[in-house]
Amino acid sequence: MSDKMRVVSGIQPTGDLHLGNLLGAILRWVRMQDEAECLFFLADLHALTVDVEPPKLYASIREMAAELADGIEAGARFLIVADYDADGATACAIGVQGLGMLGAHVDYLVPNRAVHGYGLSPAIVEEAARMEPDALITVDNGIAAIDGVNAANELGIAVYVTDHHLPGDVLPEAAGIVNPNQPGCAFPSKNLAGVGVMFYVLLALRAEMRGRGAFDGKPEPDLRVLLDRVALGTVADVVRLDANNRILVNQGLQRIRAGLASPGIQALMQVAGRRPEKASVFDLGFMLGPRLNAAGRLEDMRLGIECLLAESLEAALPLAQRLDEINRSRKDIEAGMKEQALALLEEIDCAGKHGLAIHHPEWHAGVIGILASRLKEKYHRPVFAFAPGGGGELKGSGRSVPALHLRDALDWIDRRHPGLILKFGGHAMAAGLSIREERFAEFREAFEALASEWLSPADLEEIIETDGELAPGELDFDLVKTLENAVWGQGFPAPLFQGEFAVVNQRVVGEKHLKLDVSLQNTRYEAMAFFHHDPLPERFVGVYAPMLNEFNGRLSIQLKLQYWEPQQ
């Protein structure tokens, strides 16, 4: 439990917006502080027609579209070089399907985490060359692939980079680059995932081909069929859900709920035990995403991509079932690694540390990112977890708190400790790197020095922001259904509410969760404290998220408890 909670007040009718409802008040005063953005979201929420940002704002996207169209007309062979996480897999899948719909000859290749490393490395270029492509298209990687692009250029293979990661000081000498974060790009949504960038490239390519008359006299390819995969990759990559990303995710969810999902998404929903007609961001981020990611972490992401590309449910289901099995193995490995990590951290004064870096020789490189995330949540400090990477190297994966930009931190360390970091990349909240095994202690000290300089004590406190206390009668089915159907996520959190509770009864279920009957404002509700089995005080102040629970055909409101403390 957190030792600090901040309540954000201000849930009042918003006369200036003429909304007159609780949700509008939450959005206006707590989430956005901007009238236009609030109304924009409400339009998106109610599935009105809202346009995403136009592709033309991207730097170089028209040029890339024109060259890809030239290649399609000439019968060129394209090879997509993917990444081994859910964003890379979905980006690859929509690239293969979308380019195929537009008439291209296209195949794909996925680096092996242990053999090729990340992204367009010279090793993966060498393997790609054996497939004799005319051009390579990177998805969710490539912006830092200086050596890989040079290797392809030497072989006479053009490289088109589609990526969303932050670039370094030097850009690769690619035939084309589309990345909202590259210098000079005017595209306003800098938070697109790799799958979102690839989707925009396909939109621009279709527009280019339309202008050339490629679809005269025949139906134009409907790229909306790709949106379920766009939504999955966007949520699974935990990018900030700005207005543009929320539209993409919402449109993908609408297709899934309407029974229009691709066979692969249908199969993943089925093995996860989820109902497509009730698909939510939770399903994408916590049910489908981990099953897809498991393949890249432990085996081969081709399995995940083939599932996403399957043309029938019969073909997709065995692949989804195998992904489910791999994910179960991942959970077992993760649980063992977490026990080892907690044992290591018992020897460290975590309260006196600003950043944590830990390593164990038996850890699996494919699971250290999840481990770092779990430890960050527990200690509310930036964390790097390291596993053996072969050849005397350690592979590290980090997760951060909002006050520390992790990729910038690695860049700072690299500049002040030349040679310490062999390679690195990532985002504000997640990053990866490689170091020599014998220099782990040096990196740990450098990271702690940086964290202690960049972070204040307040930055290391976990703060739970709530939307205040609901008035009697406001917690009803309409509100909860509206909240559950909305698109919440990174940078745009779902509302949390505060209340004074009286416990009627409580018991442990599933050996690790606490189920309660509580009274809130003289109304009785069922509540859950997940992964907590100790009794709660008879009267407490708590923070909760309302959700719908269906059991034996009966629908009820259930409260998911996030924080509690005894009522004074």
Side-chain angles (χ1 to χ4, degrees), residues 59-60 63-64 67-68 70-71 74 76-85 87-89 91-92 95-96 99 104-179 181-183 194 197-198 201 296 300-302 305 365 389-393 395 407 410-411 414 418-419 421-426 431-436:
S60 305
E63 293 82 356
M64 183 182 290
E67 292 188 27
L68 293 178
D70 289 343
R77 298 182 303 275
F78 295 103
L79 183 66
I80 293 177
V81 179
D83 186 23
Y84 36 66
D85 67 357
D87 185 18
C92 180
V96 170
L99 286 169
H105 300 288
V106 58
D107 202 348
Y108 72 92
L109 182 62
V110 190
N112 181 290
R113 185 187 296 267
V115 177
H116 305 107
Y118 166 78
L120 189 71
S121 63
I124 200 68
V125 169
E126 181 180 348
E127 186 167 333
R130 299 190 188 104
M131 302 174 69
E132 300 183 345
D134 295 301
L136 303 178
I137 302 173
T138 71
V139 291
D140 192 32
N141 73 91
I143 196 64
I146 308 298
D147 294 338
V149 171
N150 288 341
N153 289 339
E154 290 174 3
L155 294 172
I157 304 173
V159 178
Y160 296 95
V161 171
T162 75
D163 200 355
H164 69 125
H165 294 93
L166 296 174
D169 295 334
V170 179
L171 296 178
E173 295 183 4
I177 299 175
V178 173
N179 183 334
N181 292 301
Q182 69 176 307
V197 177
M198 188 62 211
V201 170
D300 185 349
M301 186 48 98
R302 286 187 65 90
I305 295 171
E393 292 185 13
K395 301 288 187 182
R407 189 199 174 280
L410 292 177
D411 183 60
D414 186 52
I421 299 177
L422 301 177
K423 55 186 176 182
F424 69 92
L433 76 158
S434 297
I435 62 174
R436 300 298 302 177

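In what follows, residues are counted from 1 in the order of the sequence shown.
- At least one donor-acceptor pair under 3.5 Å links the side chain of Asn141 to the backbone N or O of Val81.
- When atom types are taken as modelled, the side chain of Asn153 and the backbone of Glu173 share a donor-acceptor pair closer than 3.5 angstrom.
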Where do Met131 and Glu127 land on the side-chain contact (heavy atoms from CB on, under 4.5 Å) test, with the steps shown first? CA-CA 7 Å; Met131 302 174 69; Glu127 186 167 333; over 6 Å; no
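- To the nearest 0.5 angstrom, Tyr84 atom OH is 12.5 Å from Asp300 atom CG.
- Closest approach of Ile435 to Ile421, counting heavy atoms only: CG2-CA, 4.1 Å.
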side-chain contact (heavy atoms from CB on, under 4.5 Å) between Leu68 and Val201: does it pass, once the steps are laid out? CA-CA 10 Å; Leu68 293 178; Val201 170; 4.0 Å; yes
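- Between the side chain of Gln182 and the main chain of Ile177, a donor-acceptor pair closer than 3.5 Å is present.
- A side-chain contact (heavy atoms from CB on, under 4.5 Å) with Pro167 is found for one member of Asp169, Val170, Asp163, Leu171 and no other, namely Leu171.
- For the residue pair Pro111 and Gly119, the shortest heavy atom distance occurs at CG-O, 3.8 Å.
- Side-chain atoms of Asp140 do not come within 3.5 Å of backbone N or O of Asp87 as any donor-acceptor pair.
- The shortest distance between side-chain heavy atoms of Asp147 and Pro122 falls below 4.5 Å.
- For Asp414 (side chain) and Leu410 (main-chain N/O), no donor-acceptor pair under 3.5 Å exists by modelled atom type.
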side-chain contact (heavy atoms from CB on, under 4.5 Å) between Asn179 and Val161: does it pass, once the steps are laid out? CA-CA 8 Å; Asn179 183 334; Val161 171; 5.9 Å; no
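- For the residue pair His165 / Asn181, no side-chain donor-acceptor distance below 3.5 Å is found, with atom types taken as modelled.
- Judged by distance alone, the side chain of Ser434 and the main-chain N or O of Lys395 form no donor-acceptor pair under 3.5 Å.
- Checked by atom type and distance alone, the side chain of Arg302 never pairs as donor or acceptor with a backbone atom of Val110 at under 3.5 Å.
- To the nearest 0.5 angstrom, Leu433 atom CG is 10.5 Å from Glu393 atom CD.
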Would Val178 and Tyr160 count as a side-chain contact (heavy atoms from CB on, under 4.5 Å) if you check the C-alpha gap in whole Å, the side-chain angles of each, and the deciding distance to 0.1 Å? CA-CA 8 Å; Val178 173; Tyr160 296 95; over 6 Å; no
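- Side-chain atoms of Ile305 and Val96, non-hydrogen and from C-beta on, never get closer than 4.5 Å to each other.
- Closest approach of Leu136 and Ala152 over heavy atoms only: CD1-CB, 4.3 Å.
- To the nearest 0.5 Å, atoms CG (Leu120) and CG (Asp83) are separated by 11.5 Å.
- The two residues Gly95 and Ile80 have their closest heavy-atom pair at C-CD1, 3.5 Å.
- The minimum heavy-atom distance linking Gly88 with Ala82 is given by the pair O-CB, 4.0 Å.
- The two residues Val139 and Ala91 make their nearest non-hydrogen contact at CB-CB, 3.7 Å.
- Not a single donor-acceptor pair under 3.5 Å links the side chain of Asp107 to the backbone N or O of Leu79.
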